[in-house]
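Working notes, beginning with the structure itself.
Counting starts at 1 for both ligands and their atoms, following the listed order.
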Amino acid sequence: MPKVVKADSQSIKKAASILRDGGVVAFPTETVYGLGCDTFNERAALEVYRIKRRPSSNPLIAHVLDIAMAKRVVIGWDVRCQKLAEEFWPGPLTIVLPRRAEVSPSSIGGRSTVAVRSPSHPVARQLLESLGSPISAPSANRSGRISPTRAEHVVEEFAEEPELLVLEGGASEVGLESTVLDLSRARPLILRPGAVTVEMLNSVIGNVSEPFVPGQTNSPGTSAKHYAPRARAELVEPANLERRLQSCPDPVAVLAFRAEIVPAPHVAIVMPTDPREYAAKLYDSLRQADSLERQLILIEKPSERAGLWAAVHDRLRRATA
Ligand code: TXA
Ligand code: MG
(Lines give C-alpha, C1' and ligand atoms only; values in the text may rest on other atoms or scores of the structure.)
(Ligands and ions follow the chains in the order given, each with its own letter.)
Protein backbone atom coordinates (compact mmCIF):
# COMPACT_ATOMS: atom_id res chain seq x y z
CA MET A 1 0.00 0.00 0.00
CA PRO A 2 1.20 3.56 -0.64
CA LYS A 3 2.17 5.60 2.41
CA VAL A 4 -0.44 8.24 3.20
CA VAL A 5 0.80 11.13 5.33
CA LYS A 6 -1.07 14.20 6.42
CA ALA A 7 0.33 17.19 4.55
CA ASP A 8 2.25 19.48 6.91
CA SER A 9 5.47 21.43 6.56
CA GLN A 10 7.57 18.38 7.41
CA SER A 11 5.89 15.90 5.05
CA ILE A 12 5.80 18.49 2.27
CA LYS A 13 9.56 19.01 2.69
CA LYS A 14 10.05 15.26 2.53
CA ALA A 15 7.92 15.07 -0.65
CA ALA A 16 9.96 17.87 -2.23
CA SER A 17 13.18 16.02 -1.50
CA ILE A 18 11.79 12.86 -3.13
CA LEU A 19 10.96 14.93 -6.24
CA ARG A 20 14.42 16.54 -6.18
CA ASP A 21 15.95 13.03 -6.16
CA GLY A 22 13.96 12.06 -9.27
CA GLY A 23 11.14 10.28 -7.43
CA VAL A 24 7.35 10.43 -7.69
CA VAL A 25 4.80 11.62 -5.09
CA ALA A 26 1.03 12.01 -5.07
CA PHE A 27 -0.35 15.34 -3.87
CA PRO A 28 -3.70 17.13 -3.63
CA THR A 29 -4.82 19.90 -5.97
CA GLU A 30 -8.14 21.73 -5.99
CA THR A 31 -9.24 19.79 -9.11
CA VAL A 32 -8.07 16.21 -8.47
CA TYR A 33 -5.01 14.55 -6.88
CA GLY A 34 -1.87 14.50 -9.03
CA LEU A 35 1.05 12.09 -9.44
CA GLY A 36 4.03 14.41 -9.59
CA CYS A 37 7.62 14.43 -10.80
CA ASP A 38 10.32 17.00 -11.62
CA THR A 39 9.43 18.57 -15.01
CA PHE A 40 13.10 18.67 -16.03
CA ASN A 41 13.95 15.07 -15.10
CA GLU A 42 13.65 12.61 -17.96
CA ARG A 43 13.78 9.43 -15.85
CA ALA A 44 11.27 10.67 -13.27
CA ALA A 45 8.61 11.17 -15.94
CA LEU A 46 9.11 7.61 -17.20
CA GLU A 47 8.36 6.41 -13.67
CA VAL A 48 5.06 8.34 -13.67
CA TYR A 49 4.05 6.66 -16.93
CA ARG A 50 5.01 3.26 -15.54
CA ILE A 51 3.01 3.68 -12.32
CA LYS A 52 -0.03 5.04 -14.17
CA ARG A 53 0.30 2.59 -17.08
CA ARG A 54 -0.24 5.59 -19.25
CA PRO A 55 0.54 5.49 -22.99
CA SER A 56 3.86 7.32 -23.44
CA SER A 57 2.32 9.59 -26.10
CA ASN A 58 -0.14 11.23 -23.66
CA PRO A 59 1.55 14.40 -22.32
CA LEU A 60 1.64 15.60 -18.68
CA ILE A 61 0.71 19.03 -17.30
CA ALA A 62 3.54 21.04 -15.73
CA HIS A 63 2.35 22.62 -12.48
CA VAL A 64 3.86 25.99 -11.62
CA LEU A 65 3.72 28.40 -8.70
CA ASP A 66 3.18 31.51 -10.79
CA ILE A 67 3.70 33.22 -14.14
CA ALA A 68 7.45 33.53 -13.59
CA MET A 69 7.76 29.76 -13.14
CA ALA A 70 5.49 29.15 -16.17
CA LYS A 71 7.97 31.06 -18.29
CA ARG A 72 10.66 28.53 -17.35
CA VAL A 73 8.50 25.89 -19.08
CA VAL A 74 6.87 27.60 -22.09
CA ILE A 75 7.76 30.09 -24.79
CA GLY A 76 5.43 32.61 -26.41
CA TRP A 77 3.79 33.94 -23.25
CA ASP A 78 1.66 36.68 -24.84
CA VAL A 79 -0.94 39.20 -23.69
CA ARG A 80 -3.72 36.58 -23.86
CA CYS A 81 -1.80 34.29 -21.47
CA GLN A 82 -1.08 37.20 -19.18
CA LYS A 83 -4.76 38.18 -19.00
CA LEU A 84 -5.90 34.58 -18.46
CA ALA A 85 -3.35 33.93 -15.74
CA GLU A 86 -4.19 37.17 -13.97
CA GLU A 87 -7.87 36.24 -14.03
CA PHE A 88 -7.83 32.48 -13.38
CA TRP A 89 -4.52 31.59 -11.71
CA PRO A 90 -4.01 30.04 -9.35
CA GLY A 91 -6.90 27.80 -10.37
CA PRO A 92 -8.32 25.14 -12.69
CA LEU A 93 -7.07 26.49 -16.03
CA THR A 94 -4.33 24.73 -18.04
CA ILE A 95 -2.71 26.53 -20.98
CA VAL A 96 -0.94 24.72 -23.86
CA LEU A 97 1.98 26.62 -25.44
CA PRO A 98 5.24 25.82 -27.27
CA ARG A 99 7.72 24.27 -24.85
CA ARG A 100 11.20 25.19 -23.69
CA ALA A 101 13.98 22.73 -24.50
CA GLU A 102 14.55 22.04 -20.77
CA VAL A 103 11.19 20.27 -20.39
CA SER A 104 11.86 16.54 -20.40
CA PRO A 105 10.65 15.12 -23.74
CA SER A 106 9.27 11.98 -22.09
CA SER A 107 6.93 14.10 -19.91
CA ILE A 108 5.21 15.49 -23.01
CA GLY A 109 5.25 12.50 -25.32
CA GLY A 110 7.95 14.13 -27.43
CA ARG A 111 5.72 17.05 -28.43
CA SER A 112 6.71 20.58 -29.27
CA THR A 113 4.10 21.96 -26.85
CA VAL A 114 3.58 21.71 -23.09
CA ALA A 115 0.58 22.32 -20.84
CA VAL A 116 1.02 24.56 -17.74
CA ARG A 117 -1.22 25.19 -14.77
CA SER A 118 -0.86 26.98 -11.46
CA PRO A 119 -2.87 25.09 -8.82
CA SER A 120 -4.55 26.92 -5.94
CA HIS A 121 -4.53 24.12 -3.36
CA PRO A 122 -2.27 25.27 -0.50
CA VAL A 123 -0.50 21.89 -0.29
CA ALA A 124 0.30 21.88 -4.02
CA ARG A 125 1.59 25.44 -3.70
CA GLN A 126 3.76 24.66 -0.66
CA LEU A 127 5.19 21.66 -2.51
CA LEU A 128 6.04 23.83 -5.54
CA GLU A 129 7.56 26.45 -3.25
CA SER A 130 9.60 23.89 -1.39
CA LEU A 131 10.92 22.34 -4.64
CA GLY A 132 11.37 25.75 -6.27
CA SER A 133 10.73 24.18 -9.65
CA PRO A 134 7.82 22.97 -11.83
CA ILE A 135 6.12 19.63 -11.13
CA SER A 136 4.71 17.57 -14.01
CA ALA A 137 1.67 15.60 -12.93
CA PRO A 138 -1.23 13.71 -14.46
CA SER A 139 -4.23 12.81 -12.35
CA ALA A 140 -3.20 10.15 -9.81
CA ASN A 141 -5.23 7.28 -11.24
CA ARG A 142 -4.46 4.37 -13.51
CA SER A 143 -4.83 5.30 -17.14
CA GLY A 144 -8.49 5.32 -18.20
CA ARG A 145 -9.88 5.19 -14.67
CA ILE A 146 -11.74 7.77 -12.58
CA SER A 147 -9.60 10.64 -11.28
CA PRO A 148 -9.02 10.69 -7.51
CA THR A 149 -10.52 13.46 -5.40
CA ARG A 150 -9.36 12.05 -2.04
CA ALA A 151 -6.12 10.50 -0.79
CA GLU A 152 -7.88 7.16 -0.25
CA HIS A 153 -8.81 7.07 -3.96
CA VAL A 154 -5.10 7.30 -4.81
CA VAL A 155 -4.42 4.37 -2.50
CA GLU A 156 -7.16 2.35 -4.26
CA GLU A 157 -5.54 3.06 -7.62
CA PHE A 158 -1.96 2.20 -6.67
CA ALA A 159 -2.38 -0.48 -4.00
CA GLU A 160 0.72 -2.32 -5.27
CA GLU A 161 3.06 0.68 -5.04
CA PRO A 162 4.35 0.43 -1.45
CA GLU A 163 6.98 3.13 -2.02
CA LEU A 164 4.57 5.80 -3.20
CA LEU A 165 4.14 8.74 -0.80
CA VAL A 166 0.65 10.29 -0.83
CA LEU A 167 0.22 13.71 0.77
CA GLU A 168 -3.23 13.82 2.35
CA GLY A 169 -4.90 17.20 1.87
CA GLY A 170 -8.65 16.63 2.11
CA ALA A 171 -11.23 16.35 -0.65
CA SER A 172 -10.51 18.27 -3.87
CA GLU A 173 -12.84 21.26 -3.92
CA VAL A 174 -13.56 21.41 -7.67
CA GLY A 175 -13.61 17.65 -8.25
CA LEU A 176 -13.19 17.73 -12.06
CA GLU A 177 -9.90 18.04 -13.97
CA SER A 178 -8.84 21.50 -15.13
CA THR A 179 -9.98 23.20 -18.32
CA VAL A 180 -7.29 22.62 -20.99
CA LEU A 181 -6.98 25.54 -23.42
CA ASP A 182 -4.68 25.27 -26.45
CA LEU A 183 -3.05 28.63 -27.13
CA SER A 184 -0.31 27.22 -29.36
CA ARG A 185 -2.54 27.82 -32.38
CA ALA A 186 -4.02 30.99 -33.91
CA ARG A 187 -7.51 30.46 -32.47
CA PRO A 188 -7.79 29.38 -28.80
CA LEU A 189 -9.29 25.91 -28.56
CA ILE A 190 -10.72 24.15 -25.50
CA LEU A 191 -9.29 20.61 -25.48
CA ARG A 192 -11.02 19.65 -22.24
CA PRO A 193 -13.87 21.57 -20.56
CA GLY A 194 -13.56 22.27 -16.84
CA ALA A 195 -14.51 24.69 -14.09
CA VAL A 196 -13.13 27.65 -16.06
CA THR A 197 -15.95 27.65 -18.61
CA VAL A 198 -16.02 28.78 -22.24
CA GLU A 199 -18.17 31.71 -21.12
CA MET A 200 -15.52 32.76 -18.58
CA LEU A 201 -12.69 32.41 -21.12
CA ASN A 202 -14.58 34.38 -23.74
CA SER A 203 -15.19 37.22 -21.30
CA VAL A 204 -11.40 37.61 -20.97
CA ILE A 205 -9.90 36.84 -24.42
CA GLY A 206 -12.84 36.14 -26.77
CA ASN A 207 -12.79 33.99 -29.94
CA VAL A 208 -12.51 30.71 -28.01
CA SER A 209 -13.66 27.61 -29.86
CA GLU A 210 -14.81 24.47 -28.10
CA PRO A 211 -15.42 21.55 -30.39
CA PHE A 212 -14.23 19.20 -27.62
CA VAL A 213 -15.80 16.31 -29.50
CA PRO A 214 -14.07 13.31 -27.90
CA GLY A 215 -11.26 12.01 -30.08
CA GLN A 216 -11.41 14.96 -32.49
CA THR A 217 -8.67 17.05 -30.95
CA ASN A 218 -4.92 16.62 -30.80
CA SER A 219 -5.09 15.78 -27.10
CA PRO A 220 -4.80 12.06 -26.34
CA GLY A 221 -6.52 12.33 -22.95
CA THR A 222 -9.73 13.47 -24.63
CA SER A 223 -10.49 10.06 -26.16
CA ALA A 224 -14.13 9.07 -25.90
CA LYS A 225 -13.72 6.32 -23.33
CA HIS A 226 -12.09 7.77 -20.27
CA TYR A 227 -12.90 8.38 -16.61
CA ALA A 228 -14.66 5.03 -16.56
CA PRO A 229 -15.92 3.07 -13.56
CA ARG A 230 -15.45 -0.71 -13.61
CA ALA A 231 -19.15 -1.48 -13.90
CA ARG A 232 -20.99 -0.53 -17.09
CA ALA A 233 -22.44 2.95 -16.69
CA GLU A 234 -25.45 4.28 -18.57
CA LEU A 235 -26.83 7.80 -18.83
CA VAL A 236 -30.63 7.98 -18.52
CA GLU A 237 -33.02 10.85 -19.27
CA PRO A 238 -34.89 11.88 -16.08
CA ALA A 239 -38.27 11.10 -17.68
CA ASN A 240 -37.16 7.54 -18.50
CA LEU A 241 -35.47 6.63 -15.22
CA GLU A 242 -38.41 4.96 -13.48
CA ARG A 243 -39.19 2.83 -16.52
CA ARG A 244 -35.51 1.95 -17.04
CA LEU A 245 -35.28 0.78 -13.41
CA GLN A 246 -38.34 -1.43 -13.80
CA SER A 247 -36.61 -3.15 -16.70
CA CYS A 248 -33.49 -4.02 -14.66
CA PRO A 249 -33.61 -7.70 -13.56
CA ASP A 250 -30.73 -7.27 -11.09
CA PRO A 251 -30.21 -4.56 -8.47
CA VAL A 252 -28.29 -1.58 -9.84
CA ALA A 253 -26.64 1.54 -8.40
CA VAL A 254 -28.14 4.86 -9.44
CA LEU A 255 -26.73 8.38 -9.32
CA ALA A 256 -30.03 10.24 -9.09
CA PHE A 257 -31.30 13.66 -8.11
CA ARG A 258 -34.30 12.08 -6.37
CA ALA A 259 -33.85 9.11 -4.04
CA GLU A 260 -37.60 8.46 -3.92
CA ILE A 261 -37.80 7.23 -7.50
CA VAL A 262 -35.22 4.49 -6.85
CA PRO A 263 -36.98 1.54 -5.19
CA ALA A 264 -35.11 -1.17 -3.22
CA PRO A 265 -33.19 -3.36 -3.93
CA HIS A 266 -31.70 -0.74 -6.25
CA VAL A 267 -29.43 1.70 -4.39
CA ALA A 268 -29.61 5.47 -4.87
CA ILE A 269 -26.63 7.76 -4.48
CA VAL A 270 -28.25 11.17 -4.27
CA MET A 271 -26.64 13.89 -6.37
CA PRO A 272 -26.84 17.63 -5.65
CA THR A 273 -28.66 19.97 -8.08
CA ASP A 274 -26.07 22.71 -7.67
CA PRO A 275 -23.42 22.29 -10.43
CA ARG A 276 -20.43 23.01 -8.16
CA GLU A 277 -21.63 20.50 -5.59
CA TYR A 278 -22.42 17.97 -8.32
CA ALA A 279 -18.94 18.30 -9.83
CA ALA A 280 -17.25 18.01 -6.44
CA LYS A 281 -19.19 14.83 -5.65
CA LEU A 282 -19.24 13.09 -9.05
CA TYR A 283 -16.04 11.00 -8.97
CA ASP A 284 -16.48 10.00 -5.34
CA SER A 285 -20.06 8.92 -6.18
CA LEU A 286 -18.92 6.87 -9.19
CA ARG A 287 -16.36 5.11 -7.00
CA GLN A 288 -19.02 4.51 -4.35
CA ALA A 289 -21.36 3.10 -7.01
CA ASP A 290 -18.54 0.89 -8.30
CA SER A 291 -17.81 -0.45 -4.81
CA LEU A 292 -21.38 -1.79 -4.60
CA GLU A 293 -20.28 -4.29 -7.28
CA ARG A 294 -23.44 -4.15 -9.34
CA GLN A 295 -23.34 -4.98 -13.05
CA LEU A 296 -24.77 -1.63 -13.97
CA ILE A 297 -24.65 2.00 -12.80
CA LEU A 298 -27.46 4.27 -14.03
CA ILE A 299 -26.85 8.01 -14.03
CA GLU A 300 -29.77 10.43 -14.16
CA LYS A 301 -28.83 12.96 -16.84
CA PRO A 302 -28.67 16.56 -15.61
CA SER A 303 -31.02 18.68 -17.71
CA GLU A 304 -28.95 21.87 -17.64
CA ARG A 305 -26.01 22.33 -20.03
CA ALA A 306 -24.48 25.79 -19.59
CA GLY A 307 -21.50 26.85 -17.48
CA LEU A 308 -19.97 24.16 -15.30
CA TRP A 309 -22.63 21.66 -16.44
CA ALA A 310 -20.79 21.46 -19.80
CA ALA A 311 -17.77 19.90 -18.05
CA VAL A 312 -20.04 17.60 -16.05
CA HIS A 313 -21.72 16.38 -19.26
CA ASP A 314 -18.33 15.82 -20.87
CA ARG A 315 -17.23 13.53 -18.00
CA LEU A 316 -20.60 11.74 -17.88
CA ARG A 317 -20.42 11.08 -21.61
CA ARG A 318 -16.95 9.57 -21.22
CA ALA A 319 -17.83 7.55 -18.13
CA THR A 320 -20.66 5.98 -20.10
CA ALA A 321 -18.94 5.63 -23.50
O1 TXA B 1 -6.79 19.27 -13.07
C2 TXA B 1 -5.90 18.73 -13.72
O3 TXA B 1 -5.57 19.11 -14.85
C4 TXA B 1 -5.17 17.55 -13.07
C5 TXA B 1 -4.41 18.05 -11.84
C6 TXA B 1 -3.52 17.01 -11.22
O7 TXA B 1 -3.70 19.19 -12.18
N8 TXA B 1 -4.30 16.92 -14.01
C9 TXA B 1 -4.77 16.18 -15.04
O10 TXA B 1 -3.75 15.62 -15.81
O11 TXA B 1 -5.94 15.99 -15.24
P12 TXA B 1 -4.03 14.47 -16.88
O13 TXA B 1 -2.68 14.09 -17.35
O14 TXA B 1 -4.85 13.42 -16.28
O15 TXA B 1 -4.75 15.21 -18.04
C16 TXA B 1 -4.04 16.14 -18.84
C17 TXA B 1 -4.79 16.41 -20.10
C18 TXA B 1 -4.79 15.20 -21.02
O19 TXA B 1 -6.03 15.15 -21.68
C20 TXA B 1 -3.65 15.52 -21.99
O21 TXA B 1 -3.79 14.87 -23.22
C22 TXA B 1 -3.79 17.02 -22.12
O23 TXA B 1 -4.13 17.46 -20.81
N24 TXA B 1 -2.50 17.64 -22.47
C25 TXA B 1 -1.40 17.76 -21.69
N26 TXA B 1 -0.39 18.32 -22.37
C27 TXA B 1 -0.85 18.60 -23.61
C28 TXA B 1 -0.30 19.16 -24.79
N29 TXA B 1 0.97 19.57 -24.84
N30 TXA B 1 -1.09 19.26 -25.88
C31 TXA B 1 -2.37 18.85 -25.86
N32 TXA B 1 -2.96 18.28 -24.78
C33 TXA B 1 -2.22 18.16 -23.68
MG1 MG C 1 -6.20 12.01 -16.07
Practice prompt. Give the cluster check for Ile146 versus Leu255: same hydrophobic cluster or not, with ILVMFWY residues linked at side-chain heavy-atom distances below 4.5 Å.
Written response: yes

Discussion item. Applying a heavy-atom cut-off of 4.0 Å, say which part of Arg99 lies close to ligand 1: side chain, backbone, both or neither.
Written reply: neither

Worksheet item: How close do Tyr49 and Gly109 get, heavy atom to heavy atom, and via which atoms?
Response: OH-N, 4.1 Å

Fill in: Element-labelled atoms of ligand 1 that are located less than 4.0 Å from some non-hydrogen atom of Val180
23 (O)

Item to complete: Return yes if a side-chain donor-acceptor contact under 3.5 Å exists between Glu42 and Ser106, otherwise no.
Response: yes

Discussion item. Using a 4.0 Å cut-off to any heavy atom of Pro138, which atoms of ligand 1 qualify?
Written reply: 10 (O), 12 (P), 13 (O)

Fill in: Part of Arg54 with heavy atoms under 4.0 Å of ligand 1, whether side chain, backbone, both or neither
side chain

Discussion item. Distance under 4.0 Å to a non-hydrogen atom of Gly34: what atoms of ligand 1 satisfy this?
Written reply: 6 (C)

Practice prompt. Would you kindly say whether Arg192 and Thr94 are connected by a side-chain donor-acceptor distance under 3.5 Å?
Written response: no

Item to complete: Begin with the C-alpha distance, continue with both residues' side-chain angles, and end with the deciding distance and a verdict on salt bridge (charged side-chain N to carboxylate O under 4.0 Å, His left out) for Asp182 and Arg185.
Response: CA-CA 7 Å; Asp182 189 352; Arg185 53 212 321 287; 3.8 Å; yes

Discussion item. Looking at ligand 1, would Val32 count as a contact under a 4.0 Å heavy-atom criterion?
Written reply: yes

Worksheet entry | Polar contact flag for Lys52 and ligand 1 (N/O pairs, less than 3.5 Å) | no

Worksheet entry | Options His121, Arg192, Glu177, ranked by nearest heavy atom to atom 15 (O) of ligand 1, top entry | Arg192

Response to the item:
Going by the 4.0 angstrom heavy-atom rule, the piece of Ile108 near ligand 1 is neither

Worksheet item: Between the side chains of Ser172 and Glu30, does any donor sit under 3.5 Å from an acceptor?
Response: no

Discussion item. When you measure from the Mg ion (ligand 2) to the N, O or S atoms of Ser147, does any of those distances fall below 2.8 Å?
Written reply: no

Discussion item. For a 4.5 angstrom cut-off between non-hydrogen side-chain atoms, does Glu234 reach Ile297?
Written reply: no

Discussion item. Salt bridge check, Asp78 against Arg80: does any charged N sit closer than 4.0 Å to a carboxylate O?
Written reply: yes

Discussion item. I need the atoms of ligand 1 closer than 4.0 Å to a non-hydrogen atom of Leu191, numbered in the order shown.
Written reply: 31 (C), 32 (N)

Fill in: Per-atom contacts of ligand 1 with Thr113, taking only distances under 4.0 Å to non-hydrogen atoms
28 (C), 29 (N), 30 (N)

Response to the item:
ligand 1 to Ile61, heavy atom cutoff 4.0 Å, flagged ligand atoms 3 (O), 8 (N), 9 (C), 10 (O), 16 (C)

Fill in: From the candidates Ala140, Ser139, Ser118, the one that places a heavy atom nearest atom 9 (C) of ligand 1
Ser139

Worksheet, complete the sentence: Taking only non-hydrogen atoms of His63 and a 4.0 Å limit, the atoms of ligand 1 in range are 5 (C), 6 (C), 7 (O)

Item to complete: Can you spot which of His121, His63, Arg117, Arg125 makes a side-chain hydrogen bond (donor to acceptor under 3.5 Å, both in side chains) with Thr29?
Response: Arg117

Response to the item:
Output for pair (Thr149 OG1, Glu173 CD), nearest 0.5 Å, gives 12.5 Å

Discussion item. Tell me the contacting part of Asp182 for ligand 1: side chain, backbone, both, or neither, using a 4.0 Å heavy-atom threshold, strictly below.
Written reply: neither

Worksheet item: Is any N or O atom of Tyr33, backbone or side chain, closer than 3.5 Å to an N or O atom of ligand 1?
Response: no

Worksheet item: Quick one: are the ring centres of Tyr278 and Phe257 less than 6.0 Å apart?
Response: yes

Worksheet item: Does the side chain of Asn58 come under 3.5 Å of the side chain of Arg54 through a donor N or O and an acceptor N or O?
Response: yes

Worksheet item: Purely on distance, is any nitrogen or oxygen of Asn58 under 3.5 Å from one on ligand 1?
Response: yes

Fill in: Contact atoms of ligand 1, heavy-atom distance to Ser178 under 4.0 Å
1 (O), 2 (C), 3 (O)

